[in-house]
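Right, one structure below, let's go through it.
Because the structure is a prediction, the values reported are computed rather than measured.
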Amino acid sequence: AKPALPGGQSAPTIVIAVMGASMAAGAMNCNARVICNGTNLAPHLAWPRKLQERLSAAVPRCRVEVSVLGYGGTTSETSAYTLGEVLKRHKSGQKPLDAVLLDTSTNDFVVSQWGQNKERRQYLLAAIESMVRRLELCCMQVLSTTPCTPHRYGAWYDGSSMLHASAHHDAPSPSPQ
């Protein structure tokens, strides 16, 4: 339990939703010992749980809740569809959120044939953009672990902000529209 604040107030809570897929839910190779899926899911080893542990340690006077809203096979399209229900709970005060993290990059790459199916890739990018716009309307910041468009300088760029550095320094430049 987190310590109470002066005056007996309860500690504030930081609530983060991870709209993710199997890796966020804990389906991963558990140190090469067993494949963690089905009955072998290991959510305690997944990155959202580790994020919650690290944030809790970094802000000891706050409670931190990181919940995974996803399952194996989730794509940006699926997440965009379920975002409506998440936002309904947020707006009603039933489950207010401080941040939403999107982690569907692996499945997005698979269903777009590793970016080769340009129409499908564009559809997935549109799903991401719609989620970002809807979340910004609720005054929330969004972090996507989904690389969007390869930028000539070896970073992934979504049109407005750098998401993360890429090891693909030879990634092709986006073609002019």
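With sequence neighbours excluded, the residues satisfying salt bridge (Lys or Arg N to Asp or Glu O under 4.0 Å) with K50 are E53. Checked against side chain to side chain donor-acceptor pair (under 3.5 Å), E129 has the following partners two or more places apart in sequence or in another chain: R133. Every side chain to side chain contact (heavy atoms under 4.5 Å, CB included) that A24 has, sequence neighbours left out, goes to V18, W47, P48, V68, D103. Take E77 and apply the side chain to side chain donor-acceptor pair (under 3.5 Å) test, not counting sequence neighbours, and it matches R120. Under the rule for a salt bridge (Lys or Arg N to Asp or Glu O under 4.0 Å), the partners of E85 that lie at least two apart in sequence or sit in another chain are K88. The side chain to side chain contact (heavy atoms under 4.5 Å, CB included) test applied to T82 returns M19, not counting sequence neighbours. Under the salt bridge (Lys or Arg N to Asp or Glu O under 4.0 Å) criterion, K118 pairs with no residue at all, not counting sequence neighbours. The side chain to side chain donor-acceptor pair (under 3.5 Å) check on T75 picks up T78, with sequence neighbours excluded.
Atom-to-atom distance recorded for Q113:CD and R121:CZ is 13.0 Å, nearest 0.5 angstrom. With rounding to the nearest 0.5 angstrom, the CD atom of Q52 is 14.0 Å from the NE2 atom of H44. To the nearest 0.5 Å, atom CG of residue L55 and atom CZ of residue R63 are 14.0 Å apart. Separating the CD1 atom in I128 from the OG atom in S79 is a distance of 9.0 Å, to the nearest 0.5 Å. Here CZ of R61 is found 14.5 Å from OG of S56. Values are rounded to the nearest 0.5 Å. Separation of atoms OG (S67) and CG (L97) is listed at 7.0 Å; rounding is to 0.5 Å.
Counting non-hydrogen atoms of other residues, nucleotides and ligands closer than 6.0 Å to CZ of R89 gives a total above 12.
Closest approach of A127 and S130 over heavy atoms only: O-OG, 2.8 Å. Summarising the geometry of A46 relative to A25, their closest heavy-atom pair is CB-C, 4.4 Å, with the distance given to 0.1 Å. Pairing each heavy atom of L83 with each of R134, the nearest pair is C-NH2, 3.7 Å. Counting all heavy atoms, side chain and backbone alike, C138 lies closest to K91 at SG-CE, 3.5 Å. What you find for A11 and C62 is that their closest heavy atoms are CB-CA, 4.3 Å. Minimum heavy-atom separation, S22 to G72: CB-CA, 3.6 Å.
Taken together through direct or relayed side-chain contacts under 4.5 Å among Ile, Leu, Val, Met, Phe, Trp and Tyr, V110 and Y123 form parts of separate hydrophobic clusters.
For residues 9-24, there are no salt bridge (Lys or Arg N to Asp or Glu O under 4.0 Å) pairs, not counting sequence neighbours.
In summary, the side chains of T74 and T104 do not present any donor paired with an acceptor at a separation below 3.5 Å, with no hydrogens or angles considered.
For the pair V15/P96, no side-chain contact is recorded, criterion being any heavy-atom separation below 4.5 Å from C-beta on.
Hydrophobic side-chain contacts under 4.5 Å tie L124 into a cluster, directly or through other members, with V111.
The side chain to side chain contact (heavy atoms under 4.5 Å, CB included) test with M131 is passed by exactly one of V100, L102, V86, L87: L102.
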